[in-house]
Amino acid sequence: MTEIVNKPYGTSFKKYASQNKNILCLSGDLTSSCEVDIFRDEYPNQFVSMGMAEQNMMSFAGGLAMSGFTPFIHTFGVFAYRRPYDQLLASIAYPRRRVRIMGFLPGITTPAGMTHQAIEDIAVMRTIPNMTVIETGDAAEVESICEQADNVDGPVYCRILRGAVPRLFDSPLKIGDIRILNSGSDILLMTSGICTEEALRARAALISQGISILHLHIHTFKPFNEDKILDLISNIKLGVITMENHLVNGGLGTTISEIISKHGLSKKLIKLGLKDTFAHGGSKQYLTKYYGFDAYALINAIEKFIGQKLNIEEQDLGKVRIEDVHSLSKAEAL
(Lines give C-alpha, C1' and ligand atoms only; values in the text may rest on other atoms or scores of the structure.)
Protein backbone atom coordinates (compact mmCIF):
# COMPACT_ATOMS: atom_id res chain seq x y z
CA MET A 1 0.00 0.00 0.00
CA THR A 2 1.28 3.48 -0.89
CA GLU A 3 2.50 5.51 2.05
CA ILE A 4 0.48 8.68 2.66
CA VAL A 5 2.31 11.63 4.18
CA ASN A 6 0.32 14.32 5.97
CA LYS A 7 1.33 17.93 5.25
CA PRO A 8 4.78 17.21 3.81
CA TYR A 9 5.20 20.82 2.69
CA GLY A 10 4.55 22.40 6.08
CA THR A 11 6.99 20.06 7.80
CA SER A 12 9.75 20.37 5.21
CA PHE A 13 9.46 24.15 4.89
CA LYS A 14 9.77 24.60 8.65
CA LYS A 15 12.86 22.40 8.71
CA TYR A 16 14.51 24.17 5.79
CA ALA A 17 13.61 27.78 6.55
CA SER A 18 14.45 27.54 10.25
CA GLN A 19 18.06 26.82 9.28
CA ASN A 20 18.37 29.99 7.18
CA LYS A 21 17.46 33.25 8.88
CA ASN A 22 17.52 35.13 5.56
CA ILE A 23 14.40 33.24 4.47
CA LEU A 24 11.17 35.11 5.05
CA CYS A 25 7.81 33.36 4.84
CA LEU A 26 5.22 35.54 3.10
CA SER A 27 1.56 34.59 3.33
CA GLY A 28 -1.32 36.02 1.32
CA ASP A 29 -3.85 35.49 4.12
CA LEU A 30 -3.86 31.74 3.45
CA THR A 31 -1.44 30.70 6.15
CA SER A 32 -3.05 27.50 7.40
CA SER A 33 -4.34 26.69 3.90
CA CYS A 34 -0.72 26.67 2.71
CA GLU A 35 0.53 24.72 5.76
CA VAL A 36 2.85 27.46 7.05
CA ASP A 37 0.93 28.12 10.26
CA ILE A 38 3.28 25.79 12.13
CA PHE A 39 6.23 27.87 10.90
CA ARG A 40 4.51 31.14 11.83
CA ASP A 41 3.89 29.93 15.37
CA GLU A 42 7.48 28.84 15.98
CA TYR A 43 9.38 31.44 13.96
CA PRO A 44 7.28 34.63 14.02
CA ASN A 45 10.28 36.85 13.24
CA GLN A 46 10.62 35.17 9.83
CA PHE A 47 6.92 35.41 9.01
CA VAL A 48 5.13 38.27 7.24
CA SER A 49 1.36 38.31 6.73
CA MET A 50 0.63 40.31 3.57
CA GLY A 51 -3.14 40.01 3.63
CA MET A 52 -5.33 39.61 0.56
CA ALA A 53 -3.12 41.90 -1.53
CA GLU A 54 -1.19 39.75 -3.97
CA GLN A 55 -0.02 42.66 -6.14
CA ASN A 56 1.62 44.29 -3.15
CA MET A 57 3.03 40.96 -2.00
CA MET A 58 4.86 40.46 -5.30
CA SER A 59 6.39 43.94 -5.26
CA PHE A 60 7.27 43.60 -1.58
CA ALA A 61 8.95 40.23 -2.23
CA GLY A 62 10.99 41.77 -5.03
CA GLY A 63 12.18 44.48 -2.67
CA LEU A 64 13.06 41.96 0.01
CA ALA A 65 15.11 39.94 -2.49
CA MET A 66 16.92 43.09 -3.60
CA SER A 67 17.78 43.72 0.07
CA GLY A 68 19.39 40.32 0.57
CA PHE A 69 16.46 38.31 1.93
CA THR A 70 15.03 35.17 0.33
CA PRO A 71 11.23 35.47 0.30
CA PHE A 72 9.07 32.36 -0.05
CA ILE A 73 5.60 33.43 -1.19
CA HIS A 74 2.72 31.19 -0.10
CA THR A 75 -0.68 31.47 -1.74
CA PHE A 76 -3.00 29.50 -3.98
CA GLY A 77 -1.47 29.10 -7.42
CA VAL A 78 -4.24 31.02 -9.13
CA PHE A 79 -3.54 34.10 -6.99
CA ALA A 80 0.16 34.01 -7.84
CA TYR A 81 -0.28 35.02 -11.49
CA ARG A 82 -3.80 36.12 -12.44
CA ARG A 83 -4.15 39.15 -10.17
CA PRO A 84 -0.52 40.28 -9.77
CA TYR A 85 0.81 39.54 -13.26
CA ASP A 86 2.24 43.01 -13.86
CA GLN A 87 3.98 43.11 -10.48
CA LEU A 88 5.23 39.57 -10.98
CA LEU A 89 6.94 40.59 -14.20
CA ALA A 90 8.19 44.04 -13.22
CA SER A 91 9.29 43.40 -9.62
CA ILE A 92 10.42 39.76 -9.77
CA ALA A 93 10.95 38.26 -13.23
CA TYR A 94 12.47 41.24 -15.07
CA PRO A 95 15.13 42.00 -12.40
CA ARG A 96 15.58 38.24 -11.85
CA ARG A 97 14.97 38.36 -8.11
CA ARG A 98 15.52 35.28 -5.97
CA VAL A 99 11.85 34.86 -5.04
CA ARG A 100 10.30 31.43 -4.49
CA ILE A 101 6.58 31.33 -5.34
CA MET A 102 4.78 28.37 -3.81
CA GLY A 103 1.43 27.93 -5.56
CA PHE A 104 -1.03 25.58 -3.87
CA LEU A 105 -4.18 23.94 -5.30
CA PRO A 106 -2.86 23.30 -8.83
CA GLY A 107 -5.44 22.53 -11.49
CA ILE A 108 -8.58 20.77 -10.27
CA THR A 109 -7.26 19.84 -6.81
CA THR A 110 -9.80 22.22 -5.23
CA PRO A 111 -13.60 21.90 -5.26
CA ALA A 112 -13.96 25.70 -5.32
CA GLY A 113 -14.35 26.07 -9.09
CA MET A 114 -12.73 28.44 -11.59
CA THR A 115 -11.92 31.25 -9.15
CA HIS A 116 -9.50 28.96 -7.28
CA GLN A 117 -8.39 26.51 -9.98
CA ALA A 118 -5.00 27.29 -11.54
CA ILE A 119 -5.52 25.55 -14.87
CA GLU A 120 -3.35 27.79 -17.10
CA ASP A 121 -0.53 28.66 -14.67
CA ILE A 122 2.15 26.53 -16.35
CA ALA A 123 1.26 28.06 -19.73
CA VAL A 124 1.59 31.55 -18.28
CA MET A 125 4.65 31.01 -16.12
CA ARG A 126 6.79 29.15 -18.64
CA THR A 127 6.49 32.04 -21.10
CA ILE A 128 7.94 34.51 -18.57
CA PRO A 129 11.67 35.14 -19.11
CA ASN A 130 13.95 34.15 -16.19
CA MET A 131 11.21 32.06 -14.53
CA THR A 132 11.84 28.44 -13.47
CA VAL A 133 8.67 26.29 -13.37
CA ILE A 134 8.29 23.11 -11.31
CA GLU A 135 5.39 20.82 -10.38
CA THR A 136 5.45 18.36 -7.49
CA GLY A 137 3.93 14.92 -7.97
CA ASP A 138 4.35 13.15 -4.65
CA ALA A 139 5.48 13.59 -1.05
CA ALA A 140 9.17 13.06 -1.84
CA GLU A 141 9.07 15.91 -4.35
CA VAL A 142 7.14 18.17 -1.99
CA GLU A 143 9.65 17.46 0.78
CA SER A 144 12.59 18.41 -1.44
CA ILE A 145 11.06 21.38 -3.28
CA CYS A 146 12.25 24.11 -0.89
CA GLU A 147 15.93 23.21 -1.14
CA GLN A 148 15.78 22.67 -4.90
CA ALA A 149 13.93 25.91 -5.55
CA ASP A 150 16.33 27.80 -3.33
CA ASN A 151 19.28 26.62 -5.44
CA VAL A 152 17.97 28.58 -8.44
CA ASP A 153 19.59 31.97 -9.07
CA GLY A 154 16.35 33.68 -10.02
CA PRO A 155 12.59 33.41 -9.52
CA VAL A 156 10.89 30.02 -9.23
CA TYR A 157 7.23 29.03 -9.48
CA CYS A 158 6.25 25.72 -7.88
CA ARG A 159 2.97 23.82 -8.03
CA ILE A 160 2.58 22.37 -4.54
CA LEU A 161 0.47 19.44 -3.35
CA ARG A 162 -0.87 19.78 0.17
CA GLY A 163 -2.68 17.74 2.80
CA ALA A 164 -2.44 13.95 2.51
CA VAL A 165 0.09 13.30 -0.27
CA PRO A 166 1.18 9.83 -1.51
CA ARG A 167 4.83 8.84 -1.57
CA LEU A 168 5.40 7.45 -5.06
CA PHE A 169 9.18 7.92 -5.34
CA ASP A 170 12.13 7.07 -3.11
CA SER A 171 14.36 9.94 -4.20
CA PRO A 172 14.06 13.73 -4.03
CA LEU A 173 13.17 16.04 -6.88
CA LYS A 174 16.10 17.31 -8.91
CA ILE A 175 15.49 20.29 -11.20
CA GLY A 176 15.92 19.40 -14.87
CA ASP A 177 15.82 15.66 -14.25
CA ILE A 178 13.22 13.22 -15.61
CA ARG A 179 11.96 10.15 -13.77
CA ILE A 180 11.73 6.96 -15.83
CA LEU A 181 9.01 4.87 -14.18
CA ASN A 182 8.64 2.08 -16.73
CA SER A 183 10.57 0.91 -19.80
CA GLY A 184 8.93 0.22 -23.14
CA SER A 185 9.21 0.77 -26.88
CA ASP A 186 5.71 1.24 -28.33
CA ILE A 187 4.19 4.28 -26.57
CA LEU A 188 5.88 7.12 -24.72
CA LEU A 189 3.68 8.24 -21.82
CA MET A 190 4.56 11.50 -20.07
CA THR A 191 2.67 12.48 -16.93
CA SER A 192 3.00 15.25 -14.38
CA GLY A 193 1.59 16.15 -10.97
CA ILE A 194 -1.44 14.14 -9.82
CA CYS A 195 -1.71 12.48 -13.24
CA THR A 196 1.31 10.29 -12.50
CA GLU A 197 -0.59 8.61 -9.67
CA GLU A 198 -3.53 8.06 -12.04
CA ALA A 199 -1.28 6.53 -14.70
CA LEU A 200 0.25 4.17 -12.16
CA ARG A 201 -3.24 2.83 -11.44
CA ALA A 202 -3.38 1.58 -15.03
CA ARG A 203 0.12 0.12 -15.29
CA ALA A 204 -0.51 -3.45 -14.09
CA ALA A 205 -3.57 -3.83 -16.33
CA LEU A 206 -1.66 -2.55 -19.37
CA ILE A 207 1.31 -4.84 -18.73
CA SER A 208 -1.07 -7.79 -18.48
CA GLN A 209 -2.30 -6.93 -22.00
CA GLY A 210 1.24 -6.84 -23.36
CA ILE A 211 1.33 -3.07 -23.93
CA SER A 212 4.89 -1.75 -24.02
CA ILE A 213 4.98 1.73 -22.47
CA LEU A 214 7.89 3.99 -21.65
CA HIS A 215 6.50 6.04 -18.75
CA LEU A 216 8.14 9.31 -17.71
CA HIS A 217 7.26 11.57 -14.80
CA ILE A 218 7.88 15.24 -15.62
CA HIS A 219 8.37 17.75 -12.79
CA THR A 220 10.49 20.46 -14.44
CA PHE A 221 8.69 22.46 -17.13
CA LYS A 222 11.34 25.14 -17.39
CA PRO A 223 14.20 24.54 -17.99
CA PHE A 224 12.86 21.57 -19.97
CA ASN A 225 15.19 18.66 -20.71
CA GLU A 226 14.61 18.82 -24.47
CA ASP A 227 17.64 16.76 -25.52
CA LYS A 228 16.66 13.72 -23.48
CA ILE A 229 12.99 13.95 -24.46
CA LEU A 230 13.91 14.34 -28.15
CA ASP A 231 15.95 11.16 -28.05
CA LEU A 232 13.13 9.21 -26.40
CA ILE A 233 10.46 10.50 -28.79
CA SER A 234 12.64 9.72 -31.80
CA ASN A 235 13.02 6.08 -30.79
CA ILE A 236 9.43 5.31 -29.77
CA LYS A 237 7.44 3.24 -32.28
CA LEU A 238 3.84 4.45 -32.18
CA GLY A 239 3.76 7.89 -30.58
CA VAL A 240 3.30 9.96 -27.46
CA ILE A 241 0.60 10.49 -24.83
CA THR A 242 0.76 13.39 -22.37
CA MET A 243 -1.38 13.54 -19.25
CA GLU A 244 -1.62 16.72 -17.17
CA ASN A 245 -3.71 18.48 -14.54
CA HIS A 246 -3.85 21.60 -16.71
CA LEU A 247 -5.23 22.85 -20.00
CA VAL A 248 -3.81 20.77 -22.85
CA ASN A 249 -2.86 24.08 -24.50
CA GLY A 250 0.25 25.67 -23.06
CA GLY A 251 1.35 22.97 -20.64
CA LEU A 252 3.04 19.59 -20.98
CA GLY A 253 1.22 18.58 -24.17
CA THR A 254 2.11 21.83 -25.89
CA THR A 255 5.73 21.58 -24.77
CA ILE A 256 5.98 18.14 -26.38
CA SER A 257 4.18 19.26 -29.55
CA GLU A 258 6.71 22.09 -29.87
CA ILE A 259 9.58 19.60 -29.72
CA ILE A 260 7.93 17.29 -32.27
CA SER A 261 7.30 20.11 -34.74
CA LYS A 262 10.66 21.82 -34.16
CA HIS A 263 12.57 18.67 -35.09
CA GLY A 264 10.19 17.47 -37.81
CA LEU A 265 9.33 14.21 -36.08
CA SER A 266 6.58 12.07 -37.55
CA LYS A 267 4.96 11.01 -34.28
CA LYS A 268 1.33 10.96 -33.24
CA LEU A 269 0.52 12.88 -30.06
CA ILE A 270 -2.54 12.51 -27.83
CA LYS A 271 -2.94 15.15 -25.11
CA LEU A 272 -5.03 14.32 -22.03
CA GLY A 273 -6.09 17.16 -19.75
CA LEU A 274 -8.59 20.01 -19.71
CA LYS A 275 -9.60 20.84 -23.27
CA ASP A 276 -10.40 24.55 -23.74
CA THR A 277 -12.73 24.67 -20.75
CA PHE A 278 -12.97 25.94 -17.21
CA ALA A 279 -13.63 23.20 -14.68
CA HIS A 280 -16.57 23.23 -12.32
CA GLY A 281 -16.38 22.33 -8.63
CA GLY A 282 -16.07 18.75 -7.44
CA SER A 283 -13.71 16.18 -6.00
CA LYS A 284 -10.42 15.34 -7.69
CA GLN A 285 -11.69 11.85 -8.51
CA TYR A 286 -14.86 13.18 -10.12
CA LEU A 287 -13.18 15.96 -12.09
CA THR A 288 -10.31 13.90 -13.53
CA LYS A 289 -12.86 11.37 -14.77
CA TYR A 290 -15.33 13.98 -16.05
CA TYR A 291 -12.68 15.89 -18.00
CA GLY A 292 -10.89 12.80 -19.29
CA PHE A 293 -7.51 12.57 -17.61
CA ASP A 294 -7.91 9.72 -15.15
CA ALA A 295 -6.56 6.16 -15.41
CA TYR A 296 -9.39 4.90 -17.61
CA ALA A 297 -9.04 7.86 -19.99
CA LEU A 298 -5.46 6.69 -20.46
CA ILE A 299 -6.72 3.20 -21.37
CA ASN A 300 -9.01 4.76 -24.00
CA ALA A 301 -6.14 6.80 -25.44
CA ILE A 302 -3.94 3.73 -25.76
CA GLU A 303 -6.76 1.89 -27.53
CA LYS A 304 -6.76 4.68 -30.14
CA PHE A 305 -3.03 4.24 -30.63
CA ILE A 306 -3.09 0.50 -31.18
CA GLY A 307 -6.40 0.51 -33.06
CA GLN A 308 -8.11 -2.14 -30.99
CA LYS A 309 -10.19 -2.54 -27.86
CA LEU A 310 -8.30 -3.76 -24.80
CA ASN A 311 -9.89 -6.21 -22.44
CA ILE A 312 -9.62 -3.79 -19.53
CA GLU A 313 -12.51 -2.55 -17.43
CA GLU A 314 -12.45 0.10 -14.69
CA GLN A 315 -12.56 -2.59 -12.01
CA ASP A 316 -9.25 -3.94 -13.38
CA LEU A 317 -7.42 -0.73 -12.50
CA GLY A 318 -5.69 0.07 -9.23
CA LYS A 319 -7.89 1.40 -6.45
CA VAL A 320 -8.86 5.05 -6.45
CA ARG A 321 -7.33 6.93 -3.53
CA ILE A 322 -10.26 8.83 -2.08
CA GLU A 323 -9.44 12.26 -0.65
CA ASP A 324 -11.79 14.05 1.69
CA VAL A 325 -12.90 17.37 0.30
CA HIS A 326 -13.35 18.63 3.88
CA SER A 327 -10.59 17.68 6.32
CA LEU A 328 -8.31 19.08 8.98
CA SER A 329 -5.42 19.01 6.50
CA LYS A 330 -7.33 21.17 4.03
CA ALA A 331 -8.10 24.37 5.83
CA GLU A 332 -11.21 26.20 4.57
CA ALA A 333 -11.96 23.15 2.38
CA LEU A 334 -10.73 25.19 -0.58
Side-chain angles (χ1 to χ4, degrees), residues 1-9 77 104-111 117-119 122 134-145 158-173 177-182 184 187-207 211 213-221 241-246 248 251-253 271-274 279 282-302 312 314-325 327 329-330:
M1 184 176 179
T2 303
E3 177 191 2
I4 303 298
V5 182
N6 191 45
K7 297 187 177 182
Y9 183 82
F104 291 74
L105 303 187
I108 52 78
T109 56
T110 168
Q117 291 167 338
I119 61 171
I122 293 173
I134 307 169
E135 177 172 22
T136 58
D138 89 319
E141 294 190 342
V142 173
E143 290 166 345
S144 54
I145 192 64
C158 305
R159 279 183 142 204
I160 305 293
L161 299 177
R162 69 172 189 177
V165 182
R167 187 180 301 282
L168 305 177
F169 314 124
D170 57 7
S171 61
L173 180 149
D177 198 11
I178 295 171
R179 296 186 190 271
I180 300 178
L181 306 184
N182 193 71
I187 297 172
L188 175 57
L189 169 64
M190 282 180 269
T191 61
S192 59
I194 62 171
C195 290
T196 294
E197 184 182 2
E198 279 298 308
L200 291 175
R201 290 179 51 224
R203 186 161 70 183
L206 289 168
I207 291 174
I211 306 299
I213 294 180
L214 173 57
H215 183 194
L216 308 180
H217 170 72
I218 306 296
H219 52 61
T220 305
F221 286 85
I241 298 174
T242 58
M243 201 171 166
E244 58 191 311
N245 175 30
H246 187 272
V248 295
L252 179 59
K271 300 189 288 186
L272 301 181
L274 292 165
S283 69
K284 183 185 76 172
Q285 295 74 30
Y286 169 76
L287 293 174
T288 53
K289 182 177 180 63
Y290 183 88
Y291 290 106
F293 55 100
D294 67 345
Y296 202 67
L298 174 59
I299 300 298
N300 292 334
I302 290 173
I312 299 176
E314 291 207 40
Q315 59 266 26
D316 300 322
L317 304 176
K319 292 181 65 175
V320 174
R321 183 173 62 85
I322 303 297
E323 293 184 6
D324 293 331
V325 172
S327 71
S329 65
K330 293 187 176 182

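All values derive from a computational prediction rather than experimental measurement. Values reported hereafter were calculated over all heavy atoms of this structure, with side chains retained and with hydrogens, waters and symmetry mates removed.
Using modelled atom types, no side-chain atom of R203 and backbone atom of I213 make a donor-acceptor pair closer than 3.5 Å. Here the side chain of H246 pairs a donor or acceptor atom with the backbone of I122 at under 3.5 angstrom. T136 places a side-chain N or O within 3.5 Å of a backbone atom of R159 that can act as its donor or acceptor partner. The backbone N or O of H215 sits nowhere less than 3.5 Å from a side-chain atom of N182 that would complete a donor-acceptor pair. Of the possible polar contacts, one joining the Q117 side chain to the T110 backbone as a donor-acceptor pair under 3.5 Å is found. Counting only distance, with no hydrogens or angles, the side chain of N245 and the backbone of I108 share a donor-acceptor pair below 3.5 Å.
L168 contributes atom CG, which lies 6.0 Å from atom CG of L200 (distance to the nearest 0.5 angstrom). Distance check: E135 CD to T220 OG1 gives 10.5 Å after rounding to the nearest 0.5 Å. Atom CD1 in I299 sits 4.0 Å away from atom CD1 in I312 (nearest 0.5 Å). Here CG of L188 is found 9.0 Å from CD1 of I241. Values are rounded to the nearest 0.5 Å. Here OG1 of T191 is found 6.5 Å from CG of L181. Values are rounded to the nearest 0.5 Å. Atoms CD1 and OG1, on I194 and T288 in that order, are 6.5 Å from each other to the nearest 0.5 Å.
The list of side chain to side chain donor-acceptor pair (under 3.5 Å) pairs with a residue in residues 292-302, not counting sequence neighbours, is empty.
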Apply side-chain contact (heavy atoms from CB on, under 4.5 Å) to the pair F293 and E198, showing each step before the final yes or no.
CA-CA 8 Å; F293 55 100; E198 279 298 308; over 6 Å; no
What verdict does the side-chain contact (heavy atoms from CB on, under 4.5 Å) test give for L252 and M243, after you've listed the backbone C-alpha separation in whole Å, the side-chain angles of each residue and the deciding distance to 0.1 Å?
CA-CA 8 Å; L252 179 59; M243 201 171 166; over 6 Å; no
Run the side-chain contact (heavy atoms from CB on, under 4.5 Å) check on L272 and V248 step by step: do they pass?
CA-CA 7 Å; L272 301 181; V248 295; 5.9 Å; no
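Scored by the salt bridge (Lys or Arg N to Asp or Glu O under 4.0 Å) test, E197 finds K284, R321 as partners (sequence neighbours excluded).
Side-chain contact check for R167 versus P8: every heavy-atom pair is 4.5 Å or farther apart.
Between P166 and D138, the closest heavy-atom pair is O-CB, 3.3 Å. Nearest heavy atom pair, residue S192 against residue E244, reads OG-CB, 3.8 Å. Taking all atoms of both residues into account, the shortest heavy-atom contact from L317 to A202 is CD2-CA, 3.9 Å. Of all heavy-atom pairs spanning L161 and V142, the tightest one is O-CG2, 3.9 Å. Contact between P106 and I160 at its shortest, heavy atoms only, is CD-O, 3.4 Å. Closest non-hydrogen pair, S144 versus L173, comes out as OG-N, 2.9 Å.
Under the 30°/60° scheme for interplanar angles, the aromatic rings of F169 and H217 are found to be tilted.
In this model, no donor atom of one side chain and acceptor atom of the other lie less than 3.5 Å apart for R162 and T109.
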